[in-house]
Amino acid sequence: DAGVIQSPRHEVTEMGQEVTLRCKPISGHDYLFWYRQTMMRGLELLIYFNNNVPIDDSGMPEDRFSAKMPNASFSTLKIQPSEPRDSAVYFCASSYWVGRGVVMNTEAFFGQGTRLTVV
Amino acid sequence: DQQVKQNSPSLSVQEGRISILNCDYTNSMFDYFLWYKKYPAEGPTFLISISSIKDKNEDGRFTVFLNKSAKHLSLHIVPSQPGDSAVYFCAASASGSGNTGKLIFGQGTTLQVKP
């Protein structure tokens, strides 16, 4: 398996523009996560999906952020309009449910991330 | 509210010595803990985990210790190697209803192992 695939790897955009980040999870995984890495907060969970349904979006910083998962093999994170403070590395990750005692899920497998720079 | 905290942003050790990375958590519902390793320009990769029914888990040079009463876990690397130089993230999850699979991460600790 190719692992979690994110695109683009780098994105530079001007303030006010719409940005769309894309993710293809590992086939067969039923959980998908979007994280943002910052120096202050480390890896911050933005939103996660189970079987394509958003479960918890409490980490989405503002209404400018939205995420969709139209099918099991694709998800997008959109920022509209983008601002300089959105500059960060955004990671997508996936896992699957095993339901074995305390360990309900496998560990999350991460993509290589998208480095977003908003100027 | 940072539920998982790594209070040491960086750590430097000599090759061959022990590296100890620490992590504290506040949510008593957490029952599964993981450590991830991240190299520059790459995504985090899973290193080792421990469930709350154990207090120690070992995998080669890596050992994770869990102290539930103190809400503290640590990762020991011995002996440390220059290739271990990376950012290490602690993560936690709670298996209760509605939380399955949700991983909360700390801020990360940058480990530098000097030759």
Side-chain angles (χ1 to χ4, degrees), chain A residues 2-7 9-10 23-26 29-51 53-59 88-115, chain B residues 1-10 21 23-25 27 29-54 57 59 64 66 68 87-110:
Chain A
V4 176
I5 299 173
Q6 291 186 246
S7 64
R9 289 295 308 277
H10 303 273
C23 175
K24 176 177 167 40
I26 294 173
H29 282 195
D30 49 4
Y31 284 83
L32 183 139
F33 308 85
W34 282 101
Y35 286 90
R36 177 170 68 176
Q37 183 186 5
T38 63
M39 289 297 292
M40 288 298 295
R41 291 175 171 264
L43 281 167
E44 182 183 14
L45 178 64
L46 302 177
I47 185 171
Y48 80 101
F49 296 82
N50 177 217
N51 292 323
V53 176
I55 302 301
D56 184 347
D57 65 354
S58 60
V89 181
Y90 291 80
F91 288 101
C92 176
S94 68
S95 70
Y96 65 91
W97 185 81
V98 293
R100 184 172 57 236
V102 170
V103 182
M104 303 299 285
N105 272 55
T106 64
E107 69 274 16
F109 295 80
F110 282 78
Q112 292 189 293
T114 295
R115 180 173 293 277
Chain B
D1 178 30
Q2 195 79 23
Q3 296 185 66
V4 178
K5 299 179 183 179
Q6 295 175 256
N7 294 317
S8 298
S10 62
L21 296 97
C23 178
D24 297 295
Y25 61 96
N27 189 341
M29 297 301 291
F30 287 149
D31 54 13
Y32 185 52
F33 305 89
L34 307 89
W35 285 94
Y36 278 76
K37 179 179 180 179
K38 184 186 178 304
Y39 291 118
E42 295 184 10
T45 55
F46 169 73
L47 189 57
I48 191 170
S49 64
I50 188 168
S51 72
S52 58
I53 60 175
K54 295 184 176 181
N57 189 27
D59 184 2
V64 56
L66 175 63
K68 290 187 291 293
V87 178
Y88 288 79
F89 288 99
C90 169
S93 71
S95 58
S97 176
N99 291 317
T100 301
K102 180 178 178 178
L103 280 181
I104 305 298
F105 283 82
Q107 304 95 316
T109 297
T110 300

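Sequence lines set the chain letters: A, B, ... in the order given, protein chains first and strands last, and positions in each chain run from 1.
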Quick check against the 3.5 Å criterion: does A:R9 have a side-chain atom that pairs as donor or acceptor with the backbone of B:A41? yes
For chain A, which of B:A91, B:G106, B:S49, B:G108 has the most heavy-atom pairs under 4.5 Å? B:G106
If you round to the nearest 0.5 Å, how far is CG of B:L103 from OH of A:Y35? 4.5 Å
If one checks every heavy atom of A:L45 against chain B at 4.5 Å, the contacting part turns out to be side chain
Contacting moiety of B:K38, where chain A heavy atoms sit under 4.5 Å: side chain
Check whether A:Q6 gets within reach of chain B through its side chain, its backbone, both or neither, counting any heavy atom under 4.5 Å. neither
Heavy-atom nearest pair, B:P44 first then A:F91, reads CD-CE2, 3.9 Å
Whether the side chain of A:Y31 engages the backbone of B:K102 through a donor-acceptor N/O pair (distance < 3.5 Å, no angle test) should be reported. no
Roughly how far, to the nearest 0.5 Å, is CZ of A:F110 from CD of B:E42? 13.5 Å
Between A:R41 and B:Q2, the two heavy atoms sitting closest are O-NE2, 3.6 Å
Is it the case that atom NZ in B:K68 sees more than 12 heavy atoms from other parts of the structure closer than 6.0 Å? yes
What's the spacing between A:E44 CD and B:I104 CD1 if we round to 0.5 Å? 10.0 Å
Apply side chain to side chain contact (heavy atoms under 4.5 Å, CB included) to residues B:F46 and A:F109 and explain how you reach the verdict. CA-CA 7 Å; B:F46 169 73; A:F109 295 80; over 6 Å; no
Output the distance between atom CD (A:Q112) and atom OH (B:Y39), rounded to the nearest 0.5 Å. 14.5 Å
Does any backbone or side-chain atom of A:R115 lie under 4.5 Å from a heavy atom of chain B? Answer side chain, backbone, both or neither. neither
Test side chain to side chain contact (heavy atoms under 4.5 Å, CB included) on A:L43 and B:Y36 and set out the steps. CA-CA 11 Å; A:L43 281 167; B:Y36 278 76; over 6 Å; no
